[in-house]
Amino acid sequence: MTQQAINLAERLSKVSDTWAPKIIGGFNGHDLMVVKVQGEFTWHSHPDTDDFFFVVSGKLTIQMRDGDVTLGPGELYVVPKGVEHCPKAEVETHLLLIEPAGTPNTGVPETAAVKTRI
């Protein structure tokens with residue numbers, strides 16, 4: 001195991017596409033991922049896991065049927081498992097995501113982005 005810090009800004013500088021999470025590490029069966037987002041994603045839910053969002057830069061609104069949560073840099077929110085949600089960002093926003101390894105970002109494998117390691 002390499003004893004080296006992960007620099008989120010440096011890893012995010014390698015990302016050019018949006019809504020395509022990149023794996024930067026892992027722990028206890030979870031993927032640590034960075035992603036650039038802009039525009040609106042798709043409404044979805046995760047029946048078996050919560051969904052963790054941490055805003056590195058920009059502004060993210062997590063739309064939910066019972067009300068929205070808006071996050072700025074340094075803020076995080078965990079969408080409870082089974083809650084339908086739709087992330088959106090008016091400006092390019094950089095996120096740190098943590099999910100159990102193999103969790104599809106759309107809630108269903110058939111429509112999920114392929115996660116690559118950077």
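Source: prediction; values computed, not measured.
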Student: Is any side-chain N of the basic residue among Lys59 and Glu92 closer than 4.0 Å to the acidic one's carboxylate O?
Tutor: no
Student: When rounded to the nearest 0.5 angstrom, what distance separates CZ in Phe53 from CD1 in Ile62?
Tutor: 5.0 Å
Student: Test side-chain contact (heavy atoms from CB on, under 4.5 Å) on Thr70 and Thr61 and set out the steps.
Tutor: CA-CA 4 Å; Thr70 300; Thr61 298; 3.3 Å; yes
Student: Has the side chain of Lys115 got a donor or acceptor atom that lies under 3.5 Å from a matching backbone atom of Thr103?
Tutor: yes
Student: Can you tell me how far apart NZ (Lys36) and OG1 (Thr18) are? Round to the nearest 0.5 Å.
Tutor: 10.0 Å
Student: Please lay out, stage by stage, how Val15 and Ile118 fare under the test side-chain contact (heavy atoms from CB on, under 4.5 Å).
Tutor: CA-CA 9 Å; Val15 177; Ile118 60 170; 3.9 Å; yes
Student: What are the two closest heavy atoms between Pro21 and Val35, and how far apart are they?
Tutor: N-CG2, 3.7 Å
Student: Test of understanding: clusters of I, L, V, M, F, W, Y form through side-chain heavy atoms closer than 4.5 Å, transitively. Do Leu97 and Phe41 belong to the same one?
Tutor: yes
Student: Can you name the nearest heavy-atom pair linking Gly58 to Pro73, along with the distance?
Tutor: O-CD, 3.2 Å
Student: What's the shortest heavy-atom distance between Cys86 and Glu40, and which atoms?
Tutor: SG-CG, 3.4 Å
Student: Kindly assign one of parallel, tilted or perpendicular to the pair His30 and Phe27, based on the angle between their ring planes and the thresholds 30° and 60°.
Tutor: parallel
Student: Determine, using the 4.5 Å side-chain heavy-atom cutoff (strictly less than), whether Ile98 and Ile23 are members of one ILVMFWY cluster.
Tutor: no
Student: Just verifying a value: how many Å separate Ser57 OG and Leu95 CG, rounded to the nearest 0.5 Å?
Tutor: 8.5 Å
Student: Answer yes or no: is there a donor N or O on one side and an acceptor on the other, between the side chain of Arg65 and the main chain of Glu84, under 3.5 Å?
Tutor: no
Student: Would Val34 and His94 count as a side-chain contact (heavy atoms from CB on, under 4.5 Å) here? Give the steps.
Tutor: CA-CA 7 Å; Val34 292; His94 301 172; over 6 Å; no
Student: With clusters defined by side-chain heavy atoms of hydrophobic residues (ILVMFWY) lying less than 4.5 Å apart, directly or transitively, does Trp19 cluster with Leu96?
Tutor: no
Student: May I ask you to decide if the ring planes of His46 and His85 are parallel, tilted or perpendicular, using 30° and 60° as cut-offs?
Tutor: tilted
Student: Between Lys22 and Asp17, is the closest basic N to carboxylate O distance under 4.0 Å?
Tutor: yes
Student: What's the separation between atom CG in Leu60 and atom CD in Glu75, rounded to the nearest 0.5 Å?
Tutor: 10.5 Å
Student: Should the pair Phe54 and Phe52 be assigned to parallel (<30°), tilted (30 to 60°) or perpendicular (>60°) ring geometry?
Tutor: parallel
Student: Are the side chain of Asp31 and the backbone of Met33 linked by a donor-acceptor contact shorter than 3.5 Å?
Tutor: no
Student: Supply the atom-to-atom distance Ile6 CD1 to Ile24 CD1, rounded to the nearest 0.5 angstrom.
Tutor: 5.0 Å
Student: Look at the side chain of Trp43 and the backbone N and O of Met64, then say whether any donor-acceptor pair between them is shorter than 3.5 Å.
Tutor: no
Student: Mind running side-chain contact (heavy atoms from CB on, under 4.5 Å) on Lys81 and Asp48 for me, showing each step along the way?
Tutor: CA-CA 6 Å; Lys81 69 179 176 180; Asp48 300 319; 5.8 Å; no
Student: Shortest non-hydrogen contact from His44 to Thr42?
Tutor: ND1-O, 2.8 Å
Student: If you round to the nearest 0.5 Å, how far is CG of Leu71 from OG1 of Thr93?
Tutor: 10.0 Å
